Amino acid sequence: QIWRYTRRRDTFDGAQNYAVNVDLKNGVSMAIDGNVYILSNDGYITKLFSGAKEDFPIKKQPVKAMTNPTKIYTQLDMQQIYVLDPNNNRVMVFLKDDQTGGAVYSSQYVFDDLTGLRDVVVDKDTNTMYVLTGTAVYRVVL
């Protein structure tokens with residue numbers, strides 16, 4: 001479930017159901033850039049705008065499908081959506097497609113020597129990706 005709290009000057013209204021008639025039971029991660037993206041444990045991405053589900057077609061799917069992805073990451077004014085796929089030691093990159101409202105598979109970063117990938121964050125200003133494992137943070141210049 002996703003709850004929205006509307007801001008009123010110095011306070012917030014009570015919780016309101018944001019995702020209406022949308023099944024999010026398999027959701028594992030969420031990213032927001034004006035739209036809300038919910039990543040499911042099977043790799044499916046649900047896109048919400050104003051609480052309603054929108055079509056989110058993905059063109060040029062990767063050859064090897066994601067298995068139990070754990071994190072989705074994007075930001076406002078970022079053209080990419082990053083998905084962490086720890087079972088395959090990689091971060092998938094999708095480009096937002098303004099024409100279809102979906103995304104296009106672009107590339108992947110594979111970390112053969114790393115195990116236990118836990119999180120990914122991208123600094124769009126420095127064009128740097130940070131990948132967290134159980135013991136260290138790694139920096140990748142994109």
Side-chain angles (χ1 to χ4, degrees), residues 1-8 11-142:
Q1 182 61 52
I2 300 174
W3 297 103
R4 180 176 83 184
Y5 295 84
T6 304
R7 185 175 180 174
R8 304 282 182 215
T11 63
F12 289 91
D13 284 346
Q16 297 173 335
N17 184 359
Y18 179 77
V20 181
N21 298 324
V22 180
D23 182 8
L24 303 174
K25 68 182 175 187
N26 294 322
V28 294
S29 182
M30 176 172 64
I32 302 171
D33 71 353
N35 296 299
V36 176
Y37 302 92
I38 308 296
L39 175 67
S40 295
N41 57 6
D42 62 0
Y44 183 80
I45 298 172
T46 301
K47 179 181 175 183
L48 304 173
F49 182 74
S50 295
K53 183 176 178 179
E54 293 198 344
D55 288 336
F56 191 71
I58 297 179
K59 296 180 187 176
K60 299 183 182 179
Q61 291 281 351
V63 174
K64 185 174 185 179
M66 292 182 270
T67 55
N68 295 315
T70 58
K71 176 77 176 191
I72 187 168
Y73 185 85
T74 193
Q75 290 182 351
L76 184 65
D77 299 328
M78 183 182 276
Q79 291 302 312
Q80 301 84 2
I81 297 171
Y82 297 86
V83 176
L84 181 65
D85 182 11
N87 286 354
N88 294 305
N89 293 335
R90 65 184 177 171
V91 175
M92 311 291 292
V93 183
F94 299 88
L95 300 177
K96 296 174 188 173
D97 185 351
D98 293 334
Q99 291 180 343
T100 66
V104 178
Y105 169 68
S106 172
S107 60
Q108 64 182 342
Y109 293 87
V110 179
F111 303 96
D112 288 329
D113 298 334
L114 300 181
T115 58
L117 301 178
R118 293 186 178 184
D119 205 351
V120 62
V121 174
V122 177
D123 183 340
K124 66 182 178 185
D125 297 327
T126 62
N127 208 30
T128 305
M129 176 171 51
Y130 297 91
V131 179
L132 174 70
T133 68
T135 58
V137 177
Y138 295 89
R139 183 179 71 180
V140 178
V141 177
L142 303 175

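In this text, all values refer to a predicted model and were calculated from it rather than measured experimentally.
Considering all non-hydrogen atoms of both residues, Y105 and F94 come closest at CA-CD2, 3.6 Å. In terms of heavy atoms, M66 sits closest to G43 at CE-O, 3.7 Å. Contact detail for G27 and I38: the closest heavy-atom pair is CA-CG2, 3.9 Å.
The distance between the ring centers of Y138 and F111 does not fall below 6.0 angstrom.
Judged by distance alone, the side chains of T74 and K96 do bring a donor and an acceptor atom under 3.5 Å apart.
For N21, the CG atom is loosely surrounded, since the number of other residues' heavy atoms within 6.0 Å does not exceed 12. Counting heavy-atom neighbours within 6.0 Å of F49 CZ, excluding the residue itself, gives a total of 12 or less.
Within the 4.5 Å cutoff, no side-chain heavy atoms of V22 are placed close to those of I2. Put simply, the side chain of D33 does not reach to within 4.5 Å of the side chain of Q75, judged on heavy atoms.
A distance-only check finds no donor-acceptor pair linking the side chain of D85 to the backbone of R90 [under 3.5 Å]. With hydrogens and angles ignored, the 3.5 Å screen pairs a side-chain donor or acceptor of D23 with a backbone N or O of K25. At least one donor-acceptor pair closer than 3.5 Å links the side chain of K47 to the backbone N or O of G101. With hydrogens and angles ignored, the 3.5 Å screen pairs a side-chain donor or acceptor of K124 with a backbone N or O of L76.
With sequence neighbours left out, Y82 forms a ring-ring contact (aromatic ring centres under 6.0 Å, His included) with no residue at all.
Among the candidates M30, Q80, M78, the single residue satisfying the side chain to side chain contact (heavy atoms under 4.5 Å, CB included) test with Y73 is M78.
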